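On a predicted model such as this, the values are computed, not experimentally measured, just so you know.
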Amino acid sequence: MVRRKSVRETAKPETEDAQRRGGGNLFEAAYLKIEELLVNCALQPGRFLTVQELQDITGFGRTPVHAAVNGLAADTLIIIRPRHGLQIAPIDLARERLLLALRRDMERFVVRLAAERASLSHRSQMQQIERVLSERRTSLSIDEFNQFDRRIDALILAASGEAFLVHTMRPLHTIYRRIGYIYHRLLPDHDLTGTVDRHIAILNAVAGQRVGAAVKASDTLIDFMDQMFVDLEAGIDPRLLDCNIEPLPLAQVSKTSTRKD
């Protein structure tokens with residue numbers, strides 16, 4: 001059995017690298033590290049913790065962690081509980097499915113701009129990622145795919161040429177990256193090829209500057225994500241969405257099962 005690395009072990013190499021570079025934006029580095037731990041549920045939805053615990057987990061100092069927490073709180077990903085510390089925001093499937101309609105409209109706007117404005121460098125990078133995803137579409141892990149997904153989101157936003165969109169879209173991307181992680185990692189019989197293929201279609205259309213095809217590919221991805229919510233609502237253990245939910249007593253589960261039979 002392969003031992004899963006602890007949150008602290010996973011965070012350590014990147015943190016040390018960021019601090020060796022010095023001069024980098026420690027706030028941004030701390031934000032990205034905590035965001036990653038949220039996405040892969042190493043910081044479980046609903047978990048209570050302190051700023052000091054986040055410092056210990058990430059290896060960053062109080063100032064960048066505090067700044068990152070404020071940013072993540074503004075993004076509705078962390079809840080600041082006065083006198084009680086912090087809480088990783090539980091996942092509300094109804095709310096996040098509702099917000100998917102907002103993401104649909106915003107993604108249409110972003111990919112339209114990107115397809116119209118993408119530079120040769122942007123298009124070349126998109127084609128390179130498209131090739132790698134095509135070659136590895138059946139072998140990628142969800143953690144590997146999420147690294148590509150973050151790069152794709154950043155690249156398309158850069159190609160759009162509108163800086164305002166970066167901070168507007170980032171929390172939405174994080175919310176649905178976490179949903180995708182739970183869907184692919186914790187529900188059985190859901191491989192990544194459907195998700196990968198839809199991202200490939202977006203990259204292909206934007207790199208080819210085919211505006212209509214890019215918008216259509218974006219809508220197809222959002223439709224695919226909407227179906228994820230149907231499957232999650234039907235089959236997910238609520239404790240994976242909020243770790244504070246207590247399990248039903250075994251006797252009560254048995255009685256419920258008997259009544260349904």
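Between Ile156 and Ala114, the closest heavy-atom pair is O-CB, 3.6 Å. For the pair Ala89 and Thr76, the tightest heavy-atom approach, listed with the atom from each and the gap, is CB-O, 3.5 Å. Contact detail for Ile88 and Gln44: the closest heavy-atom pair is CB-O, 3.4 Å. Pairing each heavy atom of Ala205 with each of Ala213, the nearest pair is CB-C, 3.7 Å. Here the shortest heavy-atom pairing between Gly235 and Leu187 reads O-CD2, 3.8 Å. In plain terms, the two heavy atoms of Cys41 and Ile182 that are nearest each other are SG-CG1, 3.8 Å.
A donor-acceptor distance shorter than 3.5 angstrom exists from the side chain of His122 to the backbone of Ser119, with no hydrogens or angles considered. In this structure, the side chain of Arg198 engages the main chain of Gly194 through a donor-acceptor pair within 3.5 Å. Judged by distance alone, the side chain of Glu53 and the main-chain N or O of Thr50 form a donor-acceptor pair under 3.5 Å. A distance-only check finds no donor-acceptor pair linking the side chain of Arg62 to the backbone of Gln55 [under 3.5 Å]. In this structure a side-chain-to-backbone donor-acceptor pair under 3.5 Å is present from Thr58 to Leu54. Looking only at distances, a side-chain donor or acceptor of Glu162 sits under 3.5 Å from a matching main-chain atom of Phe164. Under the 3.5 Å distance criterion, the side-chain polar atoms of Arg81 are left unmatched by any main-chain donor or acceptor of Leu86. A donor-acceptor pair under 3.5 Å links the side-chain atoms of Asn244 to the main chain of Gly46, judged by distance alone. The backbone N or O of Leu100 lies less than 3.5 Å from a partner atom in the side chain of Tyr176, making a donor-acceptor pair.
No side-chain heavy atom of Asn25 sits under 4.5 Å from any side-chain heavy atom of Pro64. Using a 4.5 Å cut-off on side-chain heavy atoms (C-beta onward), Asp223 and Arg104 make contact. Between Pro45 and Leu240 there is no side-chain heavy-atom pair separated by less than 4.5 Å. Within the 4.5 Å cutoff, the side chain of Ile80 has heavy atoms near those of the Asn70 side chain. Residues Leu172 and Met106 have side chains in contact (heavy-atom distance under 4.5 Å, counting atoms from C-beta outward). With a 4.5 Å cut-off on side-chain heavy atoms, Glu144 and Arg136 count as touching.
For the side-chain hydrogen bond (donor to acceptor under 3.5 Å, both in side chains) test, no residue two or more places apart in sequence or in another chain qualifies with Gln209. A search for ring-ring contact (aromatic ring centres under 6.0 Å, His included) contacts involving Phe229 returns nothing, not counting sequence neighbours.
Both Ile129 and Val110 are part of a single hydrophobic cluster, where members link through side-chain heavy atoms under 4.5 Å apart. The same ILVMFWY cluster, assembled from side-chain heavy atoms under 4.5 Å apart, contains both Val132 and Ile202.
In the model, Asp56 has a side-chain atom that pairs as donor or acceptor with a side-chain atom of Gln52 under 3.5 Å. One side chain, Gln125 or Ser121, offers a donor N or O that lies under 3.5 Å from an acceptor on the other. Residues Ser218 and Glu107 have side chains that never bring a donor and an acceptor to within less than 3.5 angstrom of each other. Between the side chains of Asp75 and Tyr31, a donor-acceptor pair is found at a separation under 3.5 Å. The closest side-chain donor-acceptor pair between Tyr181 and Asn146, if any, does not fall under 3.5 angstrom. In this model, a donor atom of one side chain and an acceptor atom of the other lie less than 3.5 Å apart for Thr193 and Asp191.
The aromatic ring centroids of His199 and Phe145 lie less than 6.0 Å from each other.
In the displayed structure, Arg210 atom CZ is contacted under 6.0 Å by more than 12 heavy atoms of other residues, nucleotides or ligands.
The aromatic rings of Phe224 and His184 sit parallel to each other, their planes meeting at less than 30°, with 60° as the upper class boundary.
Comment: Arg150 does not engage Asp153 in a salt bridge, judged by the lack of any side-chain N to carboxylate O separation of less than 4.0 angstrom.
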